[in-house]
Amino acid sequence: MASLAAAARKLDHYERRLHAEGFDRIAGVDEAGRGALAGPLVAAAVILPEGFGVEGLRDSKLLTPLQRDRWFDRIRATAVAYSVCRVFPRRIDARGLHVSNLALLRRALYALDVVPDFVLMDGFSLPGMRFPHLAMRKGDVVTASVAAASVIAKVTRDRIMDRYHRRFPEYGFDHNRGYGTDAHRAAIARCGPSPVHRMSFKGLKLYAQDFDTYAALYGEAIPAGETVAGITDDETRTSTGKGDGS
RNA sequence: CAGUUGUCGUUC
DNA sequence: GAACGACAACTG
């Protein structure tokens with residue numbers, strides 16, 4: 001029990017310290033979906049109430065899907081305020097990931113209907129932010145507010161990807177969440193990109209600019225059970241016109 | 001559930 | 001070199 005209490009104290013260590021210094025609307029912000037080849041970037045900001053029971057709460061990546069759903073409900077039910085914002089692939093392509101990400105985090109903060117008096121951030125700080133803030137390495141592992149935000153962002157994004165899976169079933173979005181697995185890349189080689197793919201990302205850019213090279217690199221990662229009978233490596237290369245390499 | 005390894009993406 | 005975002009496959 002001592003170790004449990006110690007772990008709990010550690011996760012909201014910053015919140016407690018800040019509260020002792022007089023802050024009582026401490027927001028955590030985090031985003032999900034950064035490295036994905038498809039789907040939106042999702043950011044969430046959360047202000048937890050003082051004394052929010054934090055035992056078992058962790059970075060969304062360290063929770064099982066069931067645990068994430070449970071925390072998602074609990075955070076939404078008890079938060080002083082929370083917000084979720086997203087940026088879609090087309091805009092990421094147009095503005096770049098980093099710029100999109102900064103704007104998104106800022107939007108999530110300003111979308112809070114309770115104005116924070118302090119902001120805890122994951123990794124980097126926001127240029128020109130008007131709130132007092134602290135950016136910390138591995139923020140979602142170390143502080144409750146950021147962990148909570150990471151859960152809201154992650155669960156929201158996963159649900160969006162589930163919806164995209166119904167619309168574009170060929171890519172396995174329900175499984176890979178838009179990330180670049182072998183099967184996902186092979187699906188792109190077979191079917192082409194969907195409207196929710198980030199065309200500015202490596203791989204998709206390659207697909208658009210040089211399909212033959214893309215197919216040679218990723219097209220062979222055919223999912224089990226979908227192997228095209230009789231197509232060997234050589235024939236694939238021939239059919240995609242890649243016979244004339246170095 | 002607890003870990004480990006691998007792979008990929010973006011940015012600095 | 002670092003940070004952030006992930007999935008996949010393996011051990012116990």
Side-chain angles (χ1 to χ4, degrees), chain A residues 3-4 7 28-44 55-71 84-106 108 120-127 133-143 146-147 149-162 164-165 171-189 193 196-208 214 217-224:
Chain A
S3 63
L4 240 178
V29 233
D30 193 27
E31 86 285 336
R34 211 171 172 163
L37 300 184
L41 192 58
V42 177
E55 269 150 54
L57 176 61
R58 300 197 292 168
D59 168 25
S60 63
K61 288 189 291 293
L62 302 178
L63 297 170
T64 65
L66 181 65
Q67 292 173 322
R68 275 201 299 265
D69 281 346
R70 219 169 49 213
W71 281 107
V84 192
C85 297
R86 42 185 155 163
V87 56
F88 291 98
R90 290 277 169 42
R91 186 171 287 272
I92 294 170
D93 289 336
R95 303 177 72 183
L97 182 71
H98 190 60
V99 171
S100 301
N101 192 190
L102 294 176
L104 183 68
L105 292 171
R106 183 168 339 205
L120 294 169
M121 326 211 26
D122 187 34
F124 52 88
S125 65
L126 235 35
H133 62 282
L134 178 64
M136 58 222 321
R137 189 172 112 279
K138 292 185 193 302
D140 48 2
V141 178
V142 167
T143 85
V146 182
S150 82
V151 168
I152 300 293
K154 169 75 172 160
V155 171
T156 301
R157 199 184 108 94
D158 282 355
R159 291 180 182 179
I160 291 168
M161 294 315 291
D162 284 343
Y164 284 151
H165 173 64
Y171 306 101
F173 288 154
D174 59 328
H175 193 246
N176 59 50
R177 259 68 230 229
Y179 283 84
T181 63
D182 287 347
H184 182 185
R185 290 177 197 281
I188 294 167
V196 297
H197 277 96
R198 302 177 183 174
M199 297 308 292
S200 60
F201 276 30
K202 187 181 173 183
L204 288 155
K205 204 189 295 175
L206 179 63
Y207 176 94
Y214 182 92
L217 280 174
Y218 304 123
E220 293 162 24
I222 296 169

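This structure is a prediction, so every number in the text was calculated from the model and none was measured. All values below were derived from every heavy atom in this structure, side-chain atoms included, with hydrogens, water molecules and symmetry-related copies excluded.
Among all heavy-atom pairs drawn from Ser60(A) and Arg68(A), the shortest one is O-NH1, 3.1 Å.
For the pair Leu37(A) CG and dA6(C) P, the computed distance is 14 Å after rounding to whole Å. The NZ-P distance, from Lys61(A) to dA8(C), rounds to 16 Å in whole Å. Whole-Å rounding puts the Arg68(A) CZ to dG5(C) P distance at 13 Å. Counting to the nearest Å, the P atom of G9(B) and the CE atom of Met199(A) are 15 Å from each other. Atom P of nucleotide dC7(C) and atom OH of Tyr171(A) are separated by 19 Å, given to the nearest angstrom. Protein atom CZ of Phe124(A) is 9 Å distant from nucleotide atom P of dG5(C), rounded to whole Å. The separation between Arg34(A) atom CZ and dA3(C) atom C1' is 8 Å, rounded to whole Å. Rounded to whole angstrom, the span from the CZ atom of Arg137(A) across to the C1' atom of dG1(C) amounts to 14 Å.
For Thr181(A), the listed nucleotide lying nearest its side chain is dA8(C); candidates were dA8(C), dC4(C), G9(B). Distance from the side chain of Lys202(A) is smallest for U10(B) among the nucleotides U10(B), dC4(C), dG5(C). Nearest to the side chain of Ala32(A), among C8(B), dC4(C), dG5(C), sits dG5(C).
Note on Asp59(A): nothing from the nucleic acid sits closer than 4.0 angstrom, heavy atoms only. Backbone-only engagement by Asp30(A) is indicated by non-hydrogen atom pairs under 4.0 Å involving sugar-phosphate atoms exclusively. No engagement by Arg198(A) is indicated, since no non-hydrogen atom pair under 4.0 Å with the nucleic acid exists. At the heavy-atom level, His175(A) lies under 4.0 Å from the strands shown only through sugar-phosphate atoms. Nucleic acid contact for Ala36(A): none, since no nucleic acid atom lies under 4.0 Å from a heavy atom of the residue. Residue Lys205(A) is out of contact with every strand shown, counting any heavy-atom pair closer than 4.0 Å. As judged by a 4.0 angstrom heavy-atom cut-off over every strand, Asp122(A) is placed among residues touching the sugar-phosphate backbone only. At a threshold of 4.0 angstrom between heavy atoms, the contacts of Arg58(A) are confined to the sugar-phosphate backbone, with no base atom among them.
Residues Asp122(A) and Val29(A) fail the side-chain proximity criterion, which asks for heavy atoms closer than 4.5 Å.
Asp140(A) and Lys61(A) are joined by a salt bridge, as a carboxylate oxygen and a charged side-chain nitrogen come within less than 4.0 angstrom of each other. Arg159(A) has a carboxylate O that lies under 4.0 Å from a charged side-chain N of Asp69(A), or vice versa, which qualifies the two as a salt bridge. Salt-bridge annotation for Asp162(A) and Arg177(A): present, with a side-chain N of the basic residue lying under 4.0 Å from a carboxylate O of the acidic one.
When each of His98(A) and Tyr179(A) is assigned the nucleotide of RNA chain B with its nearest heavy atom, Tyr179(A) is the one assigned upstream, toward the 5' end. Residues Gly35(A) and Leu63(A) each lie close to RNA chain B; by heavy-atom proximity, the contact nearer the 5' end of the strand is made by Leu63(A).
Rounded to the nearest 0.5 Å, atoms OH (Tyr164(A)) and CZ (Arg157(A)) are 9.5 Å apart.
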